[in-house]
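A short write-up of the structure that comes next.
Residue numbers count from 1 along this sequence.
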Amino acid sequence: KAFENADDLRAVFNNSSEYEASILSRDEKSSLCIVSVSKSLLSKNELDEFKPAKLGNSSASSNVGAACIAIGFPSAVNDSIIYGTITANSNVLELSDASYSLINTSMKLSPKGSGILINTDGEVLGIFYPALLEMTEPIAGDDVCILGISSIKNLAEALSNGSKRASLGIYGADIPAQIRNSEKLPEGVYVLKLEMDSPAMYSGIQSGDVIKQVDDTSVSSYAALSNLLLKYEKGDTADILLMRQGAGGYFEIKIKVTLK
């Protein structure tokens with residue numbers, strides 16, 4: 001969103017060099033985008049010098065209580081650094097068609113801040129940006145929420161390849177095995193609610209349905225459904241097998257959906 005009205009987009013590297021950049025792909029729901037710089041603009045020394053950052057495991061339980069560092073623009077000032085501690089990594093950001101793990105930290109970041117979170121080994125654990133800080137404010141409490149890098153890896157790879165996630169338009173949830181067994185619920189993704197004017201709404205999917213399969217692929221979790229939608233393009237048609245509760249229990253329905 002920050003780039004929508006920009007006339008000129010430039011990328012600044014850690015050696016202070018600055019190059020023209022462009023947006024390769026954007027995910028509207030998470031406000032994530034991939035910014036591209038042509039290799040032809042960089043010198044040979046820069047190509048040799050710039051190395052990809054190493055990604056850490058943002059969901060590891062050992063992260064809780066560990067020291068962390070926010071770099072980039074965490075205080076909305078160029079090249080600022082803030083130190084803190086990871087206080088939790090079990091919270092989740094629920095979006096339409098997707099859910100992402102969050103890292104809670106003790107840091108006080110600017111609402112306009114952006115950058116990455118690294119551990120003391122220099123591994124990237126998460127990213128943060130104004131739209132995220134706004135979306136996670138009700139979840140964060142006294143702490144700041146940062147998007148866990150492990151949960152957005154598949155999305156980032158898809159965006160890097162120029163893909164855009166097709167939209168189904170549901171808010172879903174996993175069904176814990178204990179509840180599924182006690183309530184005799186089928187395995188799949190439980191539909192909590194529908195996004196207004198979405199393909200799910202127009203196709204006849206209802207709150208309370210359980211999505212079991214998309215085309216020939218079974219889905220057992222909300223994350224699996226989110227990753228599966230990355231393989232579809234806007235306008236693609238998918239056959240969705242779901243279970244719906246009736247007077248005699250759950251029964252199967254197959255619905256054809258044109259993704260948006």
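To the nearest 0.5 Å, the span separating CG on L194 from CG on L168 amounts to 8.5 Å. Separation of atoms OG1 (T87) and CD1 (I103) is listed at 10.0 Å; rounding is to 0.5 Å. Of the inter-residue distances, the one linking D27 atom CG with L155 atom CG reads 5.0 Å to the nearest 0.5 angstrom. In this structure, CE in M135 is found 9.0 Å from CG in L133, a value given to the nearest 0.5 Å. One finds the CG atom of L132 at 9.0 Å from the OG atom of S31 (value rounded to the nearest 0.5 Å). Atom CG of N104 is separated from atom CE of M107 by 12.0 Å, given to the nearest 0.5 angstrom.
A donor and an acceptor atom, one from each side chain of N45 and E49, are nowhere located under 3.5 Å apart. Between the side chains of S80 and S75, a donor-acceptor pair is found at a separation under 3.5 Å. For the residue pair S17/N15, the side-chain donor-acceptor check at 3.5 Å is satisfied. Side-chain contact annotation: D209 with Y250, donor-acceptor N/O pair under 3.5 Å absent. Side-chain atoms of Y222 and D97 form no donor-acceptor pair, as typed in the model, at a separation below 3.5 Å. Between the side chains of N57 and S59, a donor-acceptor pair is found at a separation under 3.5 Å.
The shortest distance between side-chain heavy atoms of I127 and L117 does not fall below 4.5 Å. Using a 4.5 Å cut-off on side-chain heavy atoms (C-beta onward), V219 and I211 make contact. Side-chain contact check for L95 versus S30: some heavy-atom pair is nearer than 4.5 Å. Within the 4.5 Å cutoff, the side chain of L32 has heavy atoms near those of the L147 side chain. Looking at T237 and V257, their side chains never come closer than 4.5 Å, going by heavy atoms from C-beta outward. Counting heavy atoms from C-beta outward, Y190 and I179 have side chains that stay 4.5 Å or more apart. A 4.5 Å side-chain heavy-atom check between I253 and L241 finds every atom pair outside the cut-off. Between L159 and L24 there is no side-chain heavy-atom pair separated by less than 4.5 Å.
The backbone N or O of S101 lies less than 3.5 Å from a partner atom in the side chain of S151, making a donor-acceptor pair. Checking side-chain atoms of N154 against main-chain N and O of N227 turns up no donor-acceptor pair under 3.5 Å. A distance-only check finds a donor-acceptor pair linking the side chain of Q213 to the backbone of D215 [under 3.5 Å]. A donor-acceptor pair is defined here as one N or O able to donate and one able to accept, closer than 3.5 Å; such a pair exists between the side chain of R180 and the backbone of I175. Without hydrogens or angle criteria, K112 side chain to F73 main chain gives no donor-acceptor distance under 3.5 Å. Judged purely by atom type and a 3.5 angstrom limit, E46 uses its side chain to pair as donor or acceptor with the backbone of S43. A donor-acceptor distance shorter than 3.5 angstrom exists from the side chain of D236 to the backbone of E233, with no hydrogens or angles considered. Y100 places no side-chain N or O within donor-acceptor distance of the main-chain N or O of S150, the cut-off being under 3.5 Å.
In the hydrophobic clustering of ILVMFWY residues, with side-chain heavy atoms under 4.5 Å counting as a link, V214 and M201 come out together. The cluster map of Ile, Leu, Val, Met, Phe, Trp and Tyr, joined by side-chain heavy atoms under 4.5 Å apart, puts I81 and V124 in the same cluster. One hydrophobic cluster, built from ILVMFWY side chains closer than 4.5 Å, holds both Y83 and I71. Linking ILVMFWY residues whenever their side-chain heavy atoms come closer than 4.5 Å, directly or via other members, places F128 and I152 in the same cluster. Hydrophobic clustering places I118 together with Y129 (ILVMFWY residues linked when any side-chain heavy atoms are closer than 4.5 Å, directly or through intermediates).
Heavy-atom contacts from other residues, nucleotides or ligands closer than 6.0 Å to CG of D48 number more than 12. The environment of CZ in F50 is crowded: more than 12 heavy-atom neighbours from other residues, nucleotides or ligands sit within 6.0 Å. Around atom CD of E20, no more than 12 heavy atoms belonging to other residues, nucleotides or ligands sit under 6.0 Å away.
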Working note: I205 + I240, criterion side-chain contact (heavy atoms from CB on, under 4.5 Å); need CA distance, chi angles, decisive distance, verdict.
CA-CA 9 Å; I205 295 176; I240 295 183; 4.2 Å; yes

Quick one, E187 with K212, criterion side-chain contact (heavy atoms from CB on, under 4.5 Å). Give me CA distance, side-chain angles, the key distance, then yes/no.
CA-CA 7 Å; E187 185 175 8; K212 292 185 62 179; over 6 Å; no

One pair to check against salt bridge (charged side-chain N to carboxylate O under 4.0 Å, His left out): D239 and K254. What are the steps and the verdict?
CA-CA 7 Å; D239 290 320; K254 182 172 282 190; 5.5 Å; no

Can K29 and E195 be said to form a side-chain contact (heavy atoms from CB on, under 4.5 Å), step by step?
CA-CA 12 Å; K29 294 184 178 180; E195 193 174 21; 3.8 Å; yes

Residue pair R244, F251: steps toward the side-chain contact (heavy atoms from CB on, under 4.5 Å) verdict:
CA-CA 5 Å; R244 179 170 294 167; F251 59 95; 4.0 Å; yes

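Between L109 and I82, the shortest heavy-atom contact is CD2-CD1, 3.9 Å. Contact between S110 and A76 at its shortest, heavy atoms only, is OG-CB, 3.6 Å. Contact between A66 and S62 at its shortest, heavy atoms only, is CB-O, 4.2 Å. Contact detail for S99 and V92: the closest heavy-atom pair is CB-CG1, 3.7 Å. Shown here for V64 and A88, the closest heavy-atom pair between the two residues is CG2-CA, 4.1 Å. The minimum heavy-atom distance between P186 and V210, with the atom names listed, is O-CG1, 3.8 Å.
Using a 4.0 Å cut-off between a side-chain N of Lys or Arg and a carboxylate O of Asp or Glu, R10 and D8 qualify as a salt bridge.
Aromatic ring pairs are classed by plane angle as parallel below 30°, tilted from 30° to 60° and perpendicular above 60°; the pair F13 and Y19 is perpendicular.
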